[in-house]
Amino acid sequence: MTLVGSRLPRIDGPAKVRGATAYIDDKPFAGLYGATVRTPIARGRIRGIRFLDGPDWREFVIVTSRDVPRFAVSVHAPDTSHGEAAAAAEHVDLNIVRLIHDDQPYLVRDEFRHKHEPVVLLAHPDRDIVRWAATRVQLECEPLPAVLDYRQDPEIAQIQHGMDNVLKAYTLQKGAGENAAALQAVFDEAACVVEGTYETAAQEQAYIEPQGMVAEVHFAGDKPVHVRVEGSLQCPYYVHTALKHLLNLPDDAVQVVQAPTGGAFGGKEDYPSILAGHATLLALKSKQPVKIVYDRVEDMQATTKRHPSQTRIRTALSAEGKLLALQAQVRMDGGAYVTLSPVVLSRGTIHLGGPYDITHVHIDAKVMLSNTAPNGAFRGFGAPQTIFAMERHLDVCAKQLDLDPAELRRRNLVQRGGQLATGQVIDEPIQLRQWMDATLDTLGYADKRRQHLHFNAQAVQSGKPLRRGVGLSTFMHGCGFTGSGEVWLASRVKVRVIGGGIVEVCAANTEMGQGAETVFTGICADALGLGVQDIRVAIPDTAQVPNSGPTVASRTSMVVGHLVAKACDDLVHKLEDQGLLGVAMQPAGQPVSVQAQGRGRRWPAQQLREALKKAEGLEGWSLYEPPPGVVWDDKTYKGVAYGTYAWACYAAEVEVDTTTCEVKILDFVAGQEIGRVLNRTLAEGQIAGGVVQGMGWALLEDVVRDAEGGMANANLTSYVIPTMADVPKVRVLFQEQPYGYAPFGAKGIGELPMDGPAPALLNAVAMALDVDVASAPATPEKLMALLTRGTR
Amino acid sequence: MTLLHDIDAVRPATLAEALDLLQTSGAELRPMAGCTDVLVEAHFGKAMPRRFLDLTGLHAELGGLAYDDEGLHLGALCTYAQALRDPRLQREAPALWHAASVVGATQIQARGTFAGNVENASPAADAAPVLMALDAEVELVSMSGLRRVPMAQYYSGYRQTVRRADELIAALVVPQRSLGRPGQWYRKVGTRAYQAITKVGLAAHLTWQDGVVQEPRIVAVAMSATIKRCEHLEALVRGRRLEDLGDAELRAAQALDVQPIDDVRSTAAYRAEVFARLLRQALAATAAV
Amino acid sequence: MTHRPTVRISCTINGLDREFKTAPMRRLIDVLRDDLGLMGTKEGCGEGECGACSVLLDGEPVNSCLVPAIQAQGAAITTIEGIGSPELRHAVQQAFLDHGSAQCGICTPGMIITAAWMVDKKLPPEEVARTLAGNLCRCTGYASIIEAVQAAIVAAQGGQA
């Protein structure tokens, strides 16, 4: 096998270590540079736009919302796919960023809802001059009452969405959770009831490559007939959908190409549609190619962040620590527009219940509008927030019951045949207790817990400043889109034979560092029984590749990789049908892959290569089919939310210097069951990278707001992400329980490592300091305030 | 916001040339060396001068570090990296060496200068506080000659120094009496381990004799509009025994010396609390030697 | 009409003598990328925090976003294009490939500049994290980078990785 279980080196590695990979700002470009003028306050109406002295405005191309038709006749059929009211074909305002709900404009027309909302676009041949010129445009605004704290219910004057600023709400209930009185009865009778409120802050993706996009428009006379955009992005078809509506052009008139992308983590899932729209509007008006690349400050101020959250949890437990009931209210901050909030909240709601079998559950979740830049996707997508709350809460419960937190989990982890909070029965052969023990044993959790309790007692007595602690979290992450989301996506993949018998994988999923290109290469090679040199992966270009869905939701290897393998099977099937292959020989002793039939592996590689050389242009296709039994009810929030989950236990050891309350992470073990390790190096890299982002979120990273809700620390000096000197080497363990509907059994792992670090670390800090730290980030300032509270 | 491509710069080959330029046009000329502050300011749109005076051609006259009977002379162009490679500095001015090692990271240390740090006058400065605690003097040179200003008198206000427009820092001089003496202490509490701005810091030089503090120097960092000597604290601890110094009196003196603020990096409450604890640490650590 | 200042700069870049005219306070990163077509050096922040723009200036790693062009006069500059060659990689580049230390790759050029410097200067392997702290990475969690650089240092000193 080339890929599975290997440490196959990255296909894109050699170019990257030479600095030869051309990101969007590296590619040859001749055209204009764009800049954006943004609102200065949290909410209001634009009363005037003044172009101040300094720039020679004749040198600039200027675009405002007036350049975007307000009452167009759409060339597209009304889109009913989201279940929202179908848009009429006439009187369509093109100035809407199509995603889930039609509320966000590309450019403010009149009323705006957040600081740094885009109003005016400028283009000029000189990149420095256009940035400077953007500071010379003054927006006159009439302020309106803004809501900046999502935790408070809004006043009437602050209502901007629906009747109550609730962008989306869900209720998840199970057992007595379906009836308030019955649920209360469970609490009344329980031996132990524990309540807590947990908060998490916004988090900036901080990909090292800022967002950037190039747009080119081709005209027939004055009419645009083709638009090509290329840029740093995760989901070319999302951008394609957004642009075709903005420009009111047919599907094949819009082409979106992904450039090598320097990190994304969800931050380049939906925002690039806006950036592409801006670049295209300028290219349309100027009739020249336009490039917009954000500098770090603008990127941080204007683009999406992780949703802040506040979760109230109340649990009823037996005297032995068995969870009987879970009641929770989740509140998230969606920012000014809906964007992806319904899906973020969904994932958060479903994951709150954790890998525990709890009979009675009632969760009310809502995401609120606030007059801040809209929040969006960031690795984990709602789950880290609620998992943080639940896992912190369980430690609080353990403390109340005088139980080791690991033991409390041992008594509650779901087993095969048990149910998650959605009622989903787990029929995988999971061994969560065993896998938890593997993590804990690797850390030395039991010994360290004992030693550190003793160490802390001594330190308190002798007045020494250091304290130590260990903490854990147990959790799962659903792979792929929720419920019937994958069916709705209807992903398609093709593999085609290009010159020289090379097989090219054509999918819309993007390489952004996680190794997708290498994984697809390896899956294809293994499905065909060929080598890496026989395979290419096409650049994700909507003119060349079918829509295999977005690169999000931990779906690329598991869902799309599976489709790659099946497309390879289809290709071989066609070769066989065309008689290009001789008599099939069953190779002796070849391992049969778990799910991908590996039809190609029935043929000796050389024979297959010969056949491919004669089959240039031949294509193999696959279309997504759901695994049996994935039935999910969106209205009741019950059923099989995900076909499978990756399961994990993370454990941390920390040392806190109470002089300053700085937290040093001494050790960290990330143990997870992920179906099948496709490539050990890539998988370890994903886990280690996600864990360190989680460490940042737990201890360092905070989005500080100014009086207008804008990001006050919008630079890498003041928004603090971990350096190499801030984190230990993360120790990674894998368990494998192959999943039947995945390539070679591999589950998704992209987001999983984001869920566990924050609660594990804060649980360790809570043990070290003997305080109930309930919000992340646990900055030294916060910890010091907790320690000194009541003593001064 | 001045565009970088509109700003001029001149790079004299000799110190005399530089001083002559400063004499004639000092008001609109700004000296630059490592640029680790200057270009960051430009990036964030701060006001820029019309012209910069690039000092990096003057290594012969302003570079390096040297020792003599007077003490340690850090040339204006001496970088942190150069200082870190000096074993004698590590031995005789360990707090200064430590301060240099926690400025930024490798790339900043390769370019940043002690003189630049002093002149930049940030309230959260890295090496400058230690220089102040060690009684260093700023040697200023101009066409009119040389003068020395003690670090303790170098700052006249928020981001303001007493350097005249026609002057350059020639060197920073750490007196012999401060070198090789025990009792040097520096701790920077930053936003993270490296590449960090100081949130609260303390540089001290505390010599003990017979269990009693002799000539205390206590410098507060990021606790005020400038780095500064804490005169009330120094007066309080002078001649006192460690075990006699009570928390309440220390905090009261601290409150007279420094009134920290909330900002994007930290809070007043945290800064005040941690500074008090750092002081305790500094006293205990230096007394124990 | 403002007259833009210019200076003539002579320096060596990746071992080759180069001469160019530019505004004295333009950033070295812009000269490298926009004037000389050396796109390997990346801008991640513009404020000297991320290190993606690292180059060697007279033998030391610096942030090229914080070097004004006038200071390139007479200097020896090495960019990522000057580290190793397509035929023969620097030990650190090979180690990065072996250990999977490049993911999205945007921090990689700057990281390799500093790492190659460490190897060539024979700095101690236990200093890797501290020395590379000025090169931020958001993808890898750093472990694979530290392993690669340590392995390259040890190998260069003739030891076992």
Side-chain angles (χ1 to χ4, degrees), chain A residues 7 9-10 12-23 25-27 127-128 205-210 260-265 293 295-297 511-515 679 681-682 684-693 695 715-717 721-730 732 753, chain C residues 26 30 33-34 37-52 79-81 83-86 89-90 92-110 112-113 128-147:
Chain A
R7 286 192 180 274
R10 297 180 69 101
D12 50 348
K16 284 177 173 170
V17 300
R18 288 193 297 124
T21 306
Y23 301 82
D25 202 21
D26 302 328
K27 292 176 186 280
R127 164 192 246 158
D128 295 322
Q205 297 84 352
Y207 29 75
I208 303 295
E209 184 215 10
T261 297
F265 317 112
V293 174
D295 74 3
R296 180 61 56 183
V297 175
E511 170 63 63
M512 42 182 179
Q514 83 284 49
N679 176 293
T681 303
L682 292 178
E684 284 168 358
Q686 278 289 73
I687 301 303
V691 166
V692 169
Q693 285 181 340
M695 289 173 168
N715 55 70
L716 285 181
T717 304
I721 71 173
T723 73
M724 217 175 281
D726 293 303
V727 294
K729 179 183 161 138
V730 176
V732 179
Chain C
R26 264 181 87 221
D30 295 322
R33 289 175 57 86
D34 299 344
L38 295 166
M39 306 309 259
T41 304
K42 312 295 181 193
E43 178 164 359
C45 72
E47 58 190 284
E49 283 298 315
C50 74
T79 69
I80 183 65
E81 289 87 352
I83 303 284
S85 67
R89 296 186 185 113
H90 189 285
V92 149
Q93 288 168 314
Q94 188 57 49
F96 264 53
L97 293 176
D98 297 339
H99 291 262
S101 317
Q103 288 190 21
C104 82
I106 197 79
C107 78
T108 304
I112 288 196
I113 287 280
V128 169
R130 207 184 54 74
T131 307
L132 288 175
N135 289 90
L136 299 180
C137 172
R138 196 55 159 163
C139 293
T140 64
Y142 298 116
S144 57
I145 295 175
I146 296 174
E147 273 167 28

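Below, chain A is the first sequence line, B the second, and so on; all start at residue 1.
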| Which atom of A:Leu716 lies closest to which atom of C:Cys50, heavy atoms considered | CD1-CB, 4.0 Å
| request: For residues A:Lys16 and C:Gly105, report the shortest heavy-atom separation together with the two atoms involved. | output: CD-CA, 3.8 Å
| note | Applying a strict 4.5 Å limit to non-hydrogen atoms, the region of C:Ile83 in contact with chain A is neither
| task | Search all heavy atoms of C:Cys104 against all heavy atoms of A:Thr261 and return the closest pair with its distance. | result | CB-O, 3.6 Å
| query | Hey, which of A:Pro753, A:Gly515, A:Pro728, A:Ala206 has the most heavy atom pairs under 4.5 Å with chain C? | reply | A:Ala206
| At a heavy-atom separation under 4.5 Å, does A:Pro260 approach chain C through its side chain, its backbone, both, or neither? | neither
| With only heavy atoms counted, which part of A:Ala20 is less than 4.5 Å from chain C, the side chain, the backbone, both or neither? | neither
| remark: The interface call for C:Ser144 against chain A, heavy-atom contacts under 4.5 Å, is neither
| Heavy-atom contact with chain A under 4.5 Å, split by part of C:Glu49 | side chain
| Sequence-distant partners of A:Arg127, salt bridge (Lys or Arg N to Asp or Glu O under 4.0 Å), two or more places apart | A:Asp25
| Result of checking C:Ile112, C:Val92, C:Ile80 against A:Val17 for side chain to side chain contact (heavy atoms under 4.5 Å, CB included) | C:Ile112
| request: Would you check if A:Asp26 and C:Arg33 make a side-chain contact, meaning some heavy-atom pair closer than 4.5 Å? | output: yes
| task | Check each atom of A:Val691 against the heavy atoms of chain C and say whether the ones under 4.5 Å are side chain, backbone, both or neither. | result | neither
| Interface moiety of A:Gln205 toward chain C, non-hydrogen atoms closer than 4.5 Å | backbone
| remark: Answer key: most heavy-atom pairs under 4.5 Å with chain C among A:Asn715, A:Asp128, A:Asp12, A:Val293 is A:Asn715
| C:Glu47: partners by salt bridge (Lys or Arg N to Asp or Glu O under 4.0 Å), with sequence neighbours left out | none
| field | Toward chain A, the part of C:His99 with a non-hydrogen atom under 4.5 Å | value | backbone
| task | With a 4.5 Å cut-off on heavy-atom pairs, point out which of C:Thr108, C:Leu136, C:Ile146 contacts chain A the most. | result | C:Leu136
| To the nearest 0.5 Å, how far apart are SG in C:Cys137 and CD1 in A:Ile721? | 8.5 Å
| query | Of the backbone (N, CA, C, O) and the side chain (C-beta and beyond), which part of C:Glu43 lies under 4.5 Å from a heavy atom of chain A, both, or neither? | reply | backbone
| Can any side-chain N or O of A:Arg296 pair as donor or acceptor with the backbone N or O of C:Gly44 at less than 3.5 Å? | yes
| Short side-chain to backbone donor-acceptor contact, A:Tyr23 and C:Ile106, under 3.5 Å | yes
| task | State the CZ-OG distance between A:Arg18 and C:Ser85, to the nearest 0.5 angstrom. | result | 9.0 Å
| said: Please rank C:Gly37, C:Pro109, C:Cys45 by heavy-atom pairs under 4.5 Å with chain A and give me the top one. | reply: C:Cys45
| What part of C:Ala52 lies closer than 4.5 angstrom to a heavy atom of chain A: side chain, backbone, both or neither? | side chain
| Contact check, side chains of C:Ile145 and A:Met724, non-hydrogen atoms, under 4.5 Å | yes
| remark: With chain A, the option among C:Ala143, C:Cys107, C:Ala102, C:Gly134 that has the most non-hydrogen atom pairs under 4.5 Å is C:Ala102
| Backbone N or O of A:Pro722 within a donor-acceptor pair of the C:Tyr142 side chain at under 3.5 Å? | yes
| Heavy-atom distance under 4.5 Å to chain C: side chain of A:Thr717, backbone, both or neither? | both
| N/O donor-acceptor pair under 3.5 Å between A:Gln693 side chain and C:Arg138 backbone | yes
| task | Find the one option among A:Glu684, A:Lys27, A:Arg7, A:Lys729 whose heavy-atom pairs under 4.5 Å with chain C are most numerous. | result | A:Lys729
| query | When rounded to the nearest 0.5 angstrom, what distance separates CD in C:Gln103 from CZ in A:Arg10? | reply | 6.0 Å
